[in-house]
Amino acid sequence: MSIMMLSCSKLLNKDPDFVTPDTYYNTEEDLKNGLNGVYNRLIDPNGRMYGRGLYSYFVVSDEAFFKGISINNIRVMVMDASHLDIGRLWEVLYEGVNRANLLLEQVDGVNMDVKQRDAIKGETLFLRGYYYYLLADMFGPVPLKLTSTQSPDDPYLPRAPLAEVYASVVNDMQQAEKLVNDIDYFPYNERISKTGVQAILARVFLKMAGAPLKDVTRYKDALEYADKVILSNKHSLNPNYKQIFINHTQDINEKKECIWEVGMYGNKVGTVDLAGSMGVENGIECPSEAIGYSGGAMKITAKLYALFGTADTARRNWSIAPYRFVASGGNTVKSNFTAAQIYDRNPGKWRREYETGSKARSFTSTNFPVIRYSDVLLMKAEAENEVNGPTPAAYEAINMVRRRAFNKPLTAANAVCDIPAGQSKAQFLATLQDERLRELCFEGIRKHDLIRWDIYVKTMNDLGTSITATAPSTYKYAANAGKNTTERDVFFPIPTTELTVNKLIKQNNGW
């Protein structure tokens, strides 16, 4: 986490819910504390949000599996509606919604600089929309509550149609776009900015264009919003791929490539409980706390490794660690993998050996990048292809990402890494789908992509079949998540705790 964000992240620990709004939201400082309370729900101290779950066990896909798990567990797609983590995820998201509603009902009454008051309002609107986007993406139709809870006796709401939920998301975010500050206003990227709103809106519109809504008119909107970010000239690719993640690990905030990050703070030592598990949950196996402990729970799939091919090795060898740490002669040393040890490897993007300062066993201050500029370029390429076909603009957007991966100049054509010209619309989409996996692996986006492309179940089932046939015998269990995935898994179940109290809600199909 950026040193510049230290005071703000401490405020993220404040919880405004213990007071009534009419006695709390009276001053500018009150509004700032309230806004930080809304941001706070992006980090659940039990790891169900961006501290762990949203890049780990909630987003199981074809990029990774979990070591040693072969029994009933969400990590192998065997769970039910009473699963504690799923129930808590639902609760945390609605806590974020309610905190946003509380603040929105009071913000206009506070006497302060109008522009910055509007910016607080805009950030709050965005966050409410973002929490509902996550709810809709993971649970499908959900109750749409746009006023704060006043008492336990407030009436329950039925699930709103999915199109209505997404319309509310878009409305909140488009209002926010007009109110929030430019990224230049902030010395960091842990607050949402105008280009941050635009980048997330491009993601939302691509989701709306895909499954399950399949409102293909939204591809045009996705293209418009990706172009807004690109044409702002406020963001660019970091020319060194691995430096993006070293910066995260060293608490260096870099807002050119990383448009919006969830800011982590500390390592659960002291009074501020805002640490995450980046580099632990998804890190390189290492027994040493001095170097940076990780049990190496997440392992990569052979499918992902093979997708990089024999040329895209620099990006592959950073995304997928080519070594682990082992105890040897009283020391902890690096042990390089052999060519046959594919399934032994871990994600390598966030390497704890690069951390500075004191280290804790299971927690880090490493930020999570919600959206990077390379994602915007790839969304631009996808939306352009859907609207206009594989135009030169679509090729250029994807090729810039590939040139960076190969350490080539970003704007000069290069036969070594540029994708072949003359592809059909369908071929270009397939190329784009592979490129998104290579570029964004382990960043919590792959499952979302597969679902909106309407290929999640088939992809997972095919993965299970492939692993069963080809994996070493000690890793056959890695096929379980793929084999267990069915159509019901496109959405999580509505938690039993919610169904028990809200009789207006019906369960998702198959649960």
Side-chain angles (χ1 to χ4, degrees), residues 42-43 47 49-66 130 133-134 137-138 189-190 196 199-200 202-204 206-207 226 229 235 237-238 241-249 253-264 276-284 297-301 303-305 307-308 312 315-321 345-351 364 366-379 382 398 401-402 404-405 432-453 456:
L42 294 169
I43 310 171
M49 290 289 288
Y50 285 113
R52 185 159 58 107
L54 292 185
Y55 56 81
S56 175
Y57 54 87
F58 284 140
V59 290
V60 174
S61 75
D62 58 341
E63 64 188 7
F65 63 95
F66 290 84
Y130 191 71
Y133 159 72
L134 291 176
D137 196 30
M138 292 186 286
N189 56 14
E190 297 170 4
I200 294 296
R203 179 178 288 176
V204 170
L206 273 185
K207 172 62 177 178
V229 179
H235 299 282
L237 294 175
N238 187 319
Y241 183 74
K242 71 179 185 180
Q243 192 62 43
I244 301 166
F245 310 102
I246 294 174
N247 287 344
H248 287 151
T249 307
N253 196 281
E254 190 267 294
K255 62 186 182 179
K256 288 292 188 179
E257 165 106 19
C258 296
I259 300 173
W260 180 40
E261 296 179 357
V262 174
M264 309 296 174
S277 294
M278 296 284 282
V280 181
E281 175 80 359
N282 56 352
I284 300 171
M298 288 179 68
K299 300 287 189 181
I300 67 99
T301 63
K303 173 183 178 176
L304 174 63
Y305 188 88
L307 192 65
F308 285 94
D312 191 358
R315 181 168 56 170
R316 182 196 69 196
N317 288 340
W318 189 263
S319 298
I320 299 171
R345 304 178 189 223
N346 303 118
K349 282 186 170 178
W350 296 278
R351 305 188 180 193
T364 72
T366 300
N367 283 4
F368 178 81
V370 181
I371 194 158
R372 297 196 283 114
Y373 187 63
S374 60
D375 194 349
V376 174
L377 289 173
L378 294 176
M379 290 193 292
E382 182 176 354
I398 192 173
V401 174
R402 289 188 55 75
R404 191 264 300 276
L432 182 281
Q433 290 172 336
D434 286 347
E435 187 61 26
R436 285 187 65 82
L437 178 53
R438 284 185 288 261
E439 174 68 18
L440 303 171
C441 56
F442 316 124
E443 296 182 43
I445 198 70
R446 177 62 173 177
K447 179 181 178 182
H448 161 87
D449 279 347
L450 292 173
I451 290 174
R452 69 181 178 85
W453 291 326
Y456 180 62

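Owing to the predicted nature of the structure, the values given are computational and were not obtained by experimental measurement.
One finds the CD1 atom of I451 at 6.0 Å from the OH atom of Y456 (value rounded to the nearest 0.5 Å). Rounded to the nearest 0.5 Å, atoms CE (M298) and CD (E63) are 6.0 Å apart. Here the CG atom belonging to L378 is positioned 6.0 Å from the CD atom belonging to E435, to the nearest 0.5 angstrom. To the nearest 0.5 angstrom, Y373 atom OH is 8.0 Å from I259 atom CD1. Put simply, CZ on F368 and SG on C258 are 10.5 Å apart, with the number rounded to the nearest 0.5 Å. With values rounded to the nearest 0.5 angstrom, I371 atom CD1 is found 7.0 Å from I445 atom CD1.
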Note to self: Before you tell me yes or no, could you show the steps for E382 and M379 under side chain to side chain contact (heavy atoms under 4.5 Å, CB included), namely the whole-Å CA-CA distance, both residues' side-chain angles and the distance that decides it to 0.1 Å?
What the structure shows: CA-CA 5 Å; E382 182 176 354; M379 290 193 292; 5.5 Å; no
Margin query: Would N247 and E257 count as a side chain to side chain contact (heavy atoms under 4.5 Å, CB included) here? Give the steps.
Written below: CA-CA 11 Å; N247 287 344; E257 165 106 19; over 6 Å; no
Notebook entry, point to check: Please walk me through it: do L377 and I398 pass side chain to side chain contact (heavy atoms under 4.5 Å, CB included)?
Noted result: CA-CA 7 Å; L377 289 173; I398 192 173; over 6 Å; no
Next item on the list: Any chance you could lay out the side chain to side chain contact (heavy atoms under 4.5 Å, CB included) test for L42 and E190, step after step, and finish with the verdict?
Entry: CA-CA 11 Å; L42 294 169; E190 297 170 4; over 6 Å; no
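Between N253 and N367 there is a side-chain heavy-atom pair separated by less than 4.5 Å. In this structure the side chain of R315 reaches within 4.5 angstrom of the side chain of E439, judged on heavy atoms. Side-chain contact between F58 and K447 is absent, with no heavy-atom pair separated by less than 4.5 Å. The shortest distance between side-chain heavy atoms of L206 and H448 does not fall below 4.5 Å. Residues I300 and F442 form a side-chain contact, since some pair of their non-hydrogen atoms from C-beta on lies under 4.5 Å apart. Side-chain contact between F308 and I320: present, with at least one pair of heavy atoms (C-beta onward) separated by less than 4.5 Å. In this structure the side chain of W318 never reaches within 4.5 angstrom of the side chain of I244, judged on heavy atoms. Put simply, the side chain of D137 does not reach to within 4.5 Å of the side chain of R452, judged on heavy atoms.
Looking only at distances, a side-chain donor or acceptor of T301 sits under 3.5 Å from a matching main-chain atom of L304. Panel note: side chain R404, backbone N238; a donor-acceptor pair is recorded below 3.5 Å. Although no hydrogens or angles enter the test, the distance criterion places a donor-acceptor pair under 3.5 Å between the side chain of Y55 and the main chain of M278.
Less than 6.0 angstrom separates the ring centroid of W260 from the ring centroid of Y130.
The heavy-atom pair separating R351 from A321 by the smallest distance is NH2-CA, 4.0 Å. Residue C441 comes nearest to S319 through the heavy atom pair SG-CB, 3.8 Å, listed as atom of the first residue, atom of the second, then distance. What you find for L440 and S374 is that their closest heavy atoms are CD2-OG, 4.1 Å. The minimum heavy-atom distance between L450 and S61, with the atom names listed, is CD1-CB, 4.3 Å. Scanning all heavy atoms of the two residues, the minimum distance from L54 to L134 falls at CD1-CD1, 4.2 Å. Nearest heavy-atom pair across R438 and Y241 is O-OH, 4.1 Å.
Applying the side-chain hydrogen bond (donor to acceptor under 3.5 Å, both in side chains) rule to D62 yields the partners K303, R446; only residues at least two apart in sequence or on another chain are considered. Applying the side-chain hydrogen bond (donor to acceptor under 3.5 Å, both in side chains) test to N346 and every residue at least two apart in sequence or in another chain returns nothing.
K255 has no carboxylate O lying under 4.0 Å from a charged side-chain N of E261, or vice versa, which leaves the two without a salt bridge.
In summary, of the residues considered (R203, K207, R436), a salt bridge (Lys or Arg N to Asp or Glu O under 4.0 Å) with D449 occurs for R436 alone.
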